[in-house]
Protein chains: 2
Amino acid sequence: MDTITIKDIARALNLSTSTVSRALRDSYEINPETKRLVMEYAEKMHYRPNPIALSLKENRSQSIGVIVPEIANNYFSQAINGIEAAAYDRGYHVVIFQSQESYEREVEKVEHLAARRVDGLLMSLSSNTTDIEHLKSLHARGMPLVFFDRIPAEIDTHKVVTDNASGAFKATEHLLATGRRRIAHITSQPGLSITKERLHGYRMALEQYGLPFDENLVKYCSYTQEEVKYNLDTLFGLASPPDAFLTATDRFALGYYAALKKRLIRIPEDIAFVGFSNLNVAELLNPAMSTVVQPAFQMGHTAAGLLLDLVEKKPKQPVYATVQLPAELFVRESSALKQG
Amino acid sequence: MDTITIKDIARALNLSTSTVSRALRDSYEINPETKRLVMEYAEKMHYRPNPIALSLKENRSQSIGVIVPEIANNYFSQAINGIEAAAYDRGYHVVIFQSQESYEREVEKVEHLAARRVDGLLMSLSSNTTDIEHLKSLHARGMPLVFFDRIPAEIDTHKVVTDNASGAFKATEHLLATGRRRIAHITSQPGLSITKERLHGYRMALEQYGLPFDENLVKYCSYTQEEVKYNLDTLFGLASPPDAFLTATDRFALGYYAALKKRLIRIPEDIAFVGFSNLNVAELLNPAMSTVVQPAFQMGHTAAGLLLDLVEKKPKQPVYATVQLPAELFVRESSALKQG
DNA sequence: ATCGTTATCGGGAACGTTCCCGGTTCGGTG
DNA sequence: CACCGAACCGGGAACGTTCCCGATAACGAT
């Protein structure tokens with residue numbers, strides 16, 4: 001890219017760089033005629049101010065970093081959509097990384113992004129992250145930081161989440177209302193916030209219906225294929241096997257739906273199913289899948305908004321808040337009323 | 001972010017910035033003892049070189065821009081996944097924008113990204129883009145540019161596409177082999193490369209089977225909901241209505257699948273269906289959807305690789321190529337053999 | 001004693017921009 | 001006629017880094 005600078009304009013018009021700079025910013029102390037000359041020449045030569053030079057001077061990059069477990073996931077791609085919209089509206093760029101559910105990669109990317117001098121960081125933790133020292137120290141050094149969806153308890157900053165407890169409660173309650181009594185809960189790593197909250201909602205619903213909580217029905221998963229088989233084997237090997245599934249993420253919803261179907265288990269006759277999922281085709285599945293949907297776009301949008309407020313020091317002394325957005329339960333065939 | 005610079009180190013150790021700079025780059029002309037001092041102090045103070053200062057000096061940003069119609073789309077999010085992987089491996093950042101299928105937004109984002117001094121640009125055209133002057137001029141001014149999936153004919157540069165013609169041919173041939181004769185083709189705007197190529201494959205298959213091409217069966221769509229209804233009305237209003245659908249993109253596949261089911265049209269009994277789609281749950285749909293799958297990750301990965309070769313001037317005089325990756329046809333229930 | 005060599009280091013320009021200080025001209029006022 | 005204040009413009013530092021020139025000292029070699 002051969003690019004023209006303010007100096008080139010100055011030289012061409014026999015002016016100083018100061019004058020050109022001021023002319024371009026429409027300063028009052030520049031002769032209108034001079035302004036016109038500069039403006040016209042700049043326009044003609046396709047002049048665009050170099051944001052890098054500005055960044056160096058102002059010590060900001062006008063960009064925010066985003067680290068998510070994976071981009072090619074309905075929930076996160078929708079969230080990124082919201083982030084991009086909010087950031088663009090306020091003149092910021094979005095730089096994206098994925099941790100791929102790996103702690104080591106997450107640390108690496110956080111470090112990289114910080115070195116890159118992004119103005120702020122938007123994060124959703126990898127499922128294998130338990131130690132968040134890398135983020136703590138970054139935050140302590142003054143990097144504006146906002147978490148969404150998968151948040152840590154130990155860092156005090158803005159957080160945006162869905163009301164996971166309520167979502168899980170509604171789903172569990174619904175399954176109970178359809179006559180199921182043994183609800184398996186397939187969920188993420190126990191350390192994650194979303195895991196705890198959803199488990200809490202699940203237990204509350206059981207309690208309210210006077211049913212016992214059975215640890216054997218809860219499976220904390222990572223994301224491997226063998227694991228699915230193993231978990232299903234043990235679940236169906238129980239003396240009192242499950243008659244319903246509540247899965248906690250998009251990937252579990254799809255993975256277990258597929259695995260159940262492969263085993264020729266009938267949904268909803270043998271097993272009722274509700275998945276936390278932002279899959280936009282839940283309606284079209286066989287059978288149509290009941291889902292707890294998170295407002296992904298909205299979450300990304302508000303998280304980015306909060307981050308940019310921090311970046312721009314909108315409130316001088318920020319009072320950190322945890323914004324909770326409602327989850328919505330869509331009842332479909334997969335959790336139809338139990339027959340007989 | 002309170003950040004430490006090379007100057008701070010120099011001052012603290014009573015050295016010049018030159019010496020510190022060289023010590024940090026492990027230059028041979030610095031006393032090992034001095035190096036050790038500098039390195040240790042830098043480590044202790046968490047020093048990280050400021051990439052923005054480097055960018056200013058070297059006139060490059062170590063980042064590439066990506067403009068896609070929408071992020072929250074299976075195909076594109078998978079492609080971005082590939083782009084991110086390739087870019088990160090080579091030390092580049094990925095800055096993402098979406099045109100939202102709007103020509104005006106596309107122009108705006110292209111302009112924005114260029115002003116932002118990205119080192120190169122990766123594009124998939126919006127469906128409403130017919131005039132590509134904004135990209136032509138950018139390319140003429142020396143911006144490395146690589147297109148993927150939706151490419152323009154009029155710009156000579158690297159392009160990465162799926163073998164759309166072959167994909168459409170295979171799908172059409174398959175539908176013909178199952179006994180269908182009136183295949184509706186739901187596709188994008190006529191200007192797009194993917195539209196033409198897929199249409200070509202579709203026609204070739206018809207021709208090979210000695211069937212006439214009927215313009216009435218081809219619908220060039222944008223992405224509105226009313227349009228779906230209108231197109232279905234006219235298609236089923238034909239004297240000889242379709243007995244199969246071949247849809248050209250992810251969104252059309254889902255949109256028309258849903259609409260057909262809503263009309264209680266039986267798939268595959270009344271209508272056979274094959275969709276170009278990267279939906280990862282095609283298998284789980286009701287009925288399981290036959291799909292032509294594009295190697296999205298691979299496309300993003302190679303496109304990014306080609307772009308970075310251009311950026312880094314790997315071949316001094318690049319010979320622009322159009323890389324064609326194979327599309328794969330997955331036959332499922334939705335295009336089962338016609339009964340009777 | 002002079003000189004080239006080696007080992008170490010510093011000064012300062014440059015990247016593109018803004019902005020603080022200055023400077024000059026000129027018309028007007030006392 | 002001296003002085004003042006607009007009106008208009010230029011010089012140069014600064015942001016953080018690299019790199020081209022030097023510079024200095026010590027030390028053999030001539």
Side-chain angles (χ1 to χ4, degrees), chain A residues 1-39 41-43 45-63 91 114-119 141-142, chain B residues 1-39 41-43 45-63 91 114-119 141-142:
Chain A
M1 281 290 283
D2 42 338
T3 166
I4 187 179
T5 77
I6 230 171
K7 277 189 191 172
D8 298 325
I9 302 181
R11 208 174 310 124
L13 300 182
N14 249 325
L15 290 169
S16 75
T17 57
S18 335
T19 304
V20 175
S21 172
R22 273 178 293 229
L24 290 170
R25 333 207 104 256
D26 202 20
S27 158
Y28 69 97
E29 45 181 347
I30 299 295
N31 190 320
E33 176 62 13
T34 310
K35 275 189 203 170
R36 198 183 53 74
L37 243 69
V38 172
M39 302 271 209
Y41 188 77
E43 178 68 22
M45 301 301 282
H46 249 100
Y47 169 78
R48 293 286 176 280
N50 188 330
I52 296 176
L54 255 299
S55 290
L56 183 59
K57 248 187 108 60
E58 317 271 332
N59 202 28
R60 59 190 167 80
S61 61
Q62 290 286 101
S63 64
R116 225 20 222 225
R117 302 288 202 278
V118 290
D119 294 340
R141 279 181 282 153
Chain B
M1 282 291 283
D2 41 341
T3 167
I4 187 177
T5 79
I6 230 170
K7 276 189 191 172
D8 298 325
I9 302 181
R11 210 173 310 123
L13 301 182
N14 250 324
L15 290 170
S16 77
T17 58
S18 335
T19 305
V20 175
S21 172
R22 272 179 292 228
L24 290 170
R25 332 207 106 254
D26 203 20
S27 160
Y28 70 97
E29 46 180 347
I30 300 295
N31 189 319
E33 176 61 12
T34 311
K35 273 188 202 170
R36 199 183 53 74
L37 244 70
V38 172
M39 301 273 208
Y41 189 79
E43 177 68 21
M45 301 301 283
H46 247 99
Y47 169 78
R48 293 287 177 280
N50 188 329
I52 294 175
L54 254 300
S55 290
L56 183 58
K57 247 189 107 61
E58 316 273 332
N59 202 28
R60 61 191 165 78
S61 61
Q62 290 285 100
S63 64
R116 217 36 213 219
R117 302 288 202 278
V118 290
D119 295 339
R141 278 180 283 153

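When reading the values below, keep in mind they use all heavy atoms of this one structure, side chains included, and skip hydrogens, waters and symmetry mates. Just so it is clear: chains get the letters A, B, ... in the order the sequence lines come, proteins before strands, and each one is counted from 1.
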Separation of [N] [atom2] from [X] [atom1] (nearest whole Å):
X        : N       : atom1 : atom2 : value
Arg60(B) : dT18(D) : CZ    : C1'   : 12 Å
Arg36(B) : dT8(C)  : CZ    : P     : 14 Å
Ile30(A) : dG23(C) : CD1   : C1'   : 14 Å
Asn59(A) : dT17(C) : CG    : C1'   : 15 Å
Leu54(A) : dC15(C) : CG    : P     : 17 Å
Asn50(B) : dT17(D) : CG    : P     : 6 Å
Ile9(A)  : dG16(C) : CD1   : P     : 12 Å
Arg48(A) : dT17(C) : CZ    : P     : 12 Å

Practice prompt. Take Asn31(B) and Lys57(B), find for each the nucleotide of DNA chain C with the closest heavy atom, and name the residue whose nucleotide sits nearer the 5' end.
Written response: Asn31(B)

Discussion item. Measuring from the side chain of Leu56(B) (C-beta onward, heavy atoms only), which nucleotide among dC8(D), dT17(C), dC15(C) has the closest atom?
Written reply: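 Closest nucleotide to the Leu56(B) side chain: dC15(C).
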
Fill in: Heavy-atom closest contact (Val20(A) atom, Ala10(A) atom, distance)
CG2-CA, 3.7 Å

Flag the pair [X] / [Y] as yes when at least one side-chain heavy-atom distance between them is below 4.5 Å, and no otherwise.
X         : Y        : answer
Asp26(B)  : Lys35(B) : yes
Ile6(B)   : Tyr47(B) : yes
Arg116(B) : Arg48(A) : no
Arg36(A)  : Glu33(A) : yes

Item to complete: Apply the test side chain to side chain contact (heavy atoms under 4.5 Å, CB included) to residues Thr5(B) and Asn50(B): give CA-CA distance (whole Å), side-chain angles for both, the deciding distance (0.1 Å), then the verdict.
Response: CA-CA 8 Å; Thr5(B) 79; Asn50(B) 188 329; over 6 Å; no

Item to complete: Could you pull out all residues at least two apart from Glu43(B) that satisfy salt bridge (Lys or Arg N to Asp or Glu O under 4.0 Å)?
Response: none

Worksheet item: Looking across every strand, which nucleic acid part, if any, lies under 4.0 Å from Ser55(B) by heavy atom: base, sugar-phosphate, or nothing?
Response: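 If one applies the 4.0 Å heavy-atom cut-off, Ser55(B) turns out to touch nothing in the nucleic acid.
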
Discussion item. Under 4.0 Å from OP1 or OP2 of dC9(C): is there any side-chain N or O of Tyr28(B) that close?
Written reply: no

Worksheet item: Looking at Lys7(B), does any N or O in its side chain come under 4.0 Å of the phosphate oxygens OP1/OP2 on dC15(D)?
Response: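 For dC15(D), OP1/OP2 do have a side-chain N/O of Lys7(B) under 4.0 Å.
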
Worksheet item: Looking at residues 11-26 of chain A, who's got a heavy atom less than 4.0 Å off DNA chain D?
Response: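 Output list: Asn14(A), Leu15(A), Ser16(A), Ser18(A), Thr19(A), Arg22(A).
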
Worksheet entry | Polar pair under 3.5 Å, donor/acceptor by atom type, side chain Glu58(B), base dC15(C) |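 A donor-acceptor contact between them is absent.
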
Practice prompt. Report the residue (Glu29(B) or Lys35(A)) whose heavy-atom-nearest nucleotide on DNA chain D is the more 5′ of the two.
Written response: Lys35(A)

Discussion item. I'd like to know if the side chain of Thr19(A) pairs up with that of Ser16(A) as donor and acceptor (distance under 3.5 Å, no hydrogens or angles considered).
Written reply: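 Indeed, the side chains of Thr19(A) and Ser16(A) share at least one donor-acceptor pair under 3.5 Å.
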
Fill in: Check: Arg117(B)/Thr3(A) side-chain N/O donor and acceptor closer than 3.5 Å
yes

Item to complete: Quick one: do Ser61(A) and Ile52(B) satisfy side chain to side chain contact (heavy atoms under 4.5 Å, CB included)? Show the steps, please.
Response: CA-CA 8 Å; Ser61(A) 61; Ile52(B) 294 175; 4.1 Å; yes

Contact list (N/O, under 3.5 angstrom) for nucleotides 24-27 of chain D vs protein:
none

